[in-house]
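To start, the structure itself, in structure tokens.
Note that this is a predicted model, so its numbers are computed, not measured.
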Amino acid sequence: MLQSFVPFLDKERYLIIRFFEFFLNKVSKNTTISFSELQDNLEISSYNLQKVLSTAQNLCSQISGLKLEQAQDKKITLTGLTTLKLKKIILYEAHHSLRFKIFIHITLRPKGYSDTEFQQKQGISRATYFRIKNLLLNDINTDINNNMNSSEAYSRYYIYSVIYYFSYLDFIDDSSGKKDIAASINYIILLLKLSPTNIQRKQHLYFVTVCYWRSKIGYKMSENDEKYLADLKKTPDIKKIVDYLNKVWASSVISAYRITNFVLTFLVTIEELNTDMLSNLQDYDSVEKLAHQQIARIHQSLGENFSQISLFSLTNKLLKINAKMLVPVYLDTSYDRMKDWNFYEDSYVSIARLAKQLLQCRADFKSARPLGKNENTQLYYSYLFAIFSEIPATAFSDQVRIAVDFSQGIEYTDYIKKKLEEMALLNIQIDRFVNPKTDIYLTNNFDPTFKNDQVVWDHPPLTKDMVNLRELIVRVKNAKHKRTVNNDLNSDTKN
């Protein structure tokens, strides 16, 4: 995800982030790296590496538990680095980057500074300001620049995505418009009957703040922006929001309607709008039609196990996901860095296959707009995680049956069974006794009469033992899935 926001980081500060990323992304558990390996990866000279090390050392001294040590043999060791600490480093470098500060100034002007006042506050010349500003705008994707220049709605959404990623509002003490922003958010939450989580409340705050500051400095949405917005029915609920925004924010009813449209489009995009409120969208019946087609496909896939699911809850999830097709332009990039589907396709083959079938239903649905760039990935994961959360693993035919029996005693055997519950998503069933249907026999004594897979642990399992067992379960699952698919094909051929 960071890659999308690199233009907002000063180059020397991005270099520091890459330094820490290199350690975190190493496959090896070894946290000691040679100077030459770092120079090759960061593509810098030995002189610049020393500057990076000095800056990194200062950062480590400010973050508890993070320690950087240099050895005399031109090697360094970094300990204590986690994804949380890397995120803190990214935020620190972003908030101290002149590029990011200039972006905030030219798009939001939260302090109301003129260009001259901003330059004075940052201690930079006019020439430096315009040079960095031009470099920043040139580094932002051309399509993004063009869309921002032509659409206020797109500008607001993009600005929101930038400041939300860098947690900008969490690090400023500016209370400009805070009362109006909080009142507007609370009113809309009550009217739309939302129950936001902590992270959703943060999304609301950032989104509404961008709208407030953009409106405050004179930017308004026009008819041209409607191509980015879902179309609303003029229902009583919509009228209440329009009347409220016309009173406290907008200068006209049409302006208030566009803001309302923009807010609801945002809530649809982040899948927060309740299904009973989704009916306020024009053409919502097509969303329901697609969801019913997908439910039918799920029924066909699960057969008699379809009865195990909560149909109401699953349908609601699909309606929220599919409602995004009514937003004319694809905007969300939540899973932009997760384009490799292999892990789920290898480990959860039946679930991944069903997710792809639901995705194909959406792609083939003629009433929906064509899928946007990267939207395949977004929808694949949305459907995948909806299946994980709404369909019990036991509903799939690739269940792996495991018998557990150790001579150390019943309490030890029960402990191992409890450990196996950590793998419940892999669709396993613990057999009370070994029987002909058992796929894996887990024990401390080899049994030559058992013909399927057998795992022998003569000591309490270590992490590597659990990893090896997981890999065996996945292999057995995939073999079962393959047999099921072949049987289905043979059955279709005979029919």
Side-chain angles (χ1 to χ4, degrees), residues 1 4 143-144 147 151 153-154 156-158 160-161 164 188 192 194 196-197 199-200 203-204 206-207 225-233 238 258-295 297-298 313-339 341 354-390:
M1 196 70 172
S4 304
D143 290 339
I144 293 174
N147 289 334
S151 168
Y154 184 92
R156 292 184 183 194
Y157 191 88
Y158 185 69
Y160 155 80
S161 68
Y164 181 77
I188 292 172
L192 297 181
L194 304 178
T197 63
I199 204 72
Q200 287 171 335
Q203 289 175 303
H204 297 165
Y206 276 68
F207 181 78
D225 291 301
E226 293 175 6
K227 65 183 179 183
Y228 289 95
L229 311 177
D231 197 10
L232 303 179
K233 299 173 184 175
I238 298 301
R258 285 177 183 141
I259 295 174
T260 302
N261 203 336
F262 190 43
V263 169
L264 265 70
T265 297
F266 174 73
L267 293 174
V268 169
T269 300
I270 64 173
E271 298 178 21
E272 189 183 352
L273 204 61
N274 296 324
T275 49
D276 57 341
M277 297 304 297
L278 288 175
S279 59
N280 288 298
L281 300 173
Q282 294 283 5
D283 300 321
Y284 178 62
D285 56 336
S286 64
V287 175
E288 294 177 308
K289 184 178 178 181
L290 173 57
H292 291 152
Q293 287 183 10
Q294 291 171 326
I295 291 293
R297 187 67 195 84
I298 294 170
S313 182
L314 175 60
T315 302
N316 280 353
K317 282 272 177 69
L318 293 176
L319 289 171
K320 286 187 175 185
I321 295 169
N322 293 334
K324 288 185 282 190
M325 74 185 192
L326 299 181
V327 178
V329 177
Y330 169 65
L331 294 170
D332 202 332
T333 57
S334 298
Y335 308 111
D336 192 45
R337 288 287 302 276
M338 297 170 61
K339 294 178 181 178
W341 303 356
L354 183 54
K356 292 175 88 169
Q357 291 172 348
L358 300 186
L359 178 60
Q360 194 60 52
C361 284
R362 164 64 179 87
D364 294 340
F365 194 66
K366 292 184 170 54
S367 300
R369 59 166 174 74
L371 293 176
K373 184 181 178 183
N374 298 327
E375 193 169 7
N376 266 342
T377 299
Q378 167 71 33
L379 285 173
Y380 170 77
Y381 283 113
S382 292
Y383 291 135
L384 183 82
F385 298 143
I387 293 169
F388 270 120
S389 62
E390 298 298 333

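- Within the model, atoms CG of L229 and CD1 of I259 stand 11.0 Å from one another, a figure rounded to the nearest 0.5 Å.
- Y157 and N147 form no side-chain donor-acceptor contact under 3.5 Å, judged by distance and modelled atom types alone.
- Taking each heavy atom of V268 and L278 in turn, the nearest pair found is CG2-CD2, 4.1 Å.
- The closest side-chain heavy-atom distance from L314 to I387 is not below 4.5 Å.
- The shortest side-chain heavy-atom distance between V327 and T269 falls under the 4.5 Å cut-off.
- Listed for the N322 side chain is no donor-acceptor partner under 3.5 Å among the backbone atoms of L319.
- Under a 3.5 Å cut-off, the side chain of D225 and the backbone N or O of A153 do form a donor-acceptor pair.
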task: Under the side-chain contact (heavy atoms from CB on, under 4.5 Å) rule, what do N280 and L273 come out as? Steps first, then yes or no, please.
output: CA-CA 10 Å; N280 288 298; L273 204 61; over 6 Å; no
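- Counting all heavy atoms, side chain and backbone alike, S382 lies closest to I321 at O-CD1, 3.5 Å.
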message: Apply side-chain contact (heavy atoms from CB on, under 4.5 Å) to residues D231 and L326 and explain how you reach the verdict.
response: CA-CA 8 Å; D231 197 10; L326 299 181; over 6 Å; no
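- Between the OG atom in S279 and the CD atom in E288 there is a gap of 8.0 Å [rounded to 0.5 Å].
- Partners of E226 by side-chain contact (heavy atoms from CB on, under 4.5 Å), not counting sequence neighbours, listed by chain and number: E223, R258.
- Taking OG1 of T265 as the start and CG of L232 as the end, the distance is 6.5 Å to the nearest 0.5 Å.
- In this structure, the side chains of V263 and I188 come closer than 4.5 Å at one or more pairs of heavy atoms.
- Annotation for K317 and S389: closest pair NZ-OG, 3.1 Å, computed over non-hydrogen atoms.
- When side chains are defined from C-beta on, L192 counts as touching L264, because their heavy atoms get closer than 4.5 Å.
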- request: Under the side-chain contact (heavy atoms from CB on, under 4.5 Å) rule, what do M325 and L290 come out as? Steps first, then yes or no, please.
  value: CA-CA 10 Å; M325 74 185 192; L290 173 57; 3.9 Å; yes
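- Ionic pairing of K324 and E375 is not present here: no N-O contact between side-chain nitrogen and carboxylate oxygen is shorter than 4.0 angstrom.
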- request: Apply the test side-chain contact (heavy atoms from CB on, under 4.5 Å) to residues L318 and I295: give CA-CA distance (whole Å), side-chain angles for both, the deciding distance (0.1 Å), then the verdict.
  value: CA-CA 9 Å; L318 293 176; I295 291 293; 3.7 Å; yes
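- At least one side-chain heavy atom of E272 sits less than 4.5 Å from a side-chain heavy atom of H204.
- With respect to Y164, the ring pair (Phe, Tyr, Trp, His ring centres under 6.0 Å) criterion is satisfied by exactly one of Y206, F266, Y158: Y206.
- Side chains of S151 and R156 form no contact here, defined as non-hydrogen atoms less than 4.5 Å apart.
- To the nearest 0.5 Å, atoms NZ (K233) and CG (L281) are separated by 8.0 Å.
- For the atom pair CE of M277 and CG of L194, the computed distance is 8.0 Å after rounding to the nearest 0.5 Å.
- Of the N and O atoms on the side chains of S367 and K289, not one donor lies less than 3.5 Å from an acceptor on the other residue.
- Atoms CD and OH, on Q360 and Y383 in that order, are 11.0 Å from each other to the nearest 0.5 Å.
- Applying the ring pair (Phe, Tyr, Trp, His ring centres under 6.0 Å) test between F262 and each of Y154, Y228, F207, Y160 identifies F207 as the sole match.
- In this structure a side-chain-to-backbone donor-acceptor pair under 3.5 Å is missing from R362 to Q294.
- Side-chain atoms of Q378 and N374 include no donor-acceptor pair closer than 3.5 Å.
- Between the side chain of Q200 and the backbone N or O of T197 there is at least one donor-acceptor pair closer than 3.5 Å.
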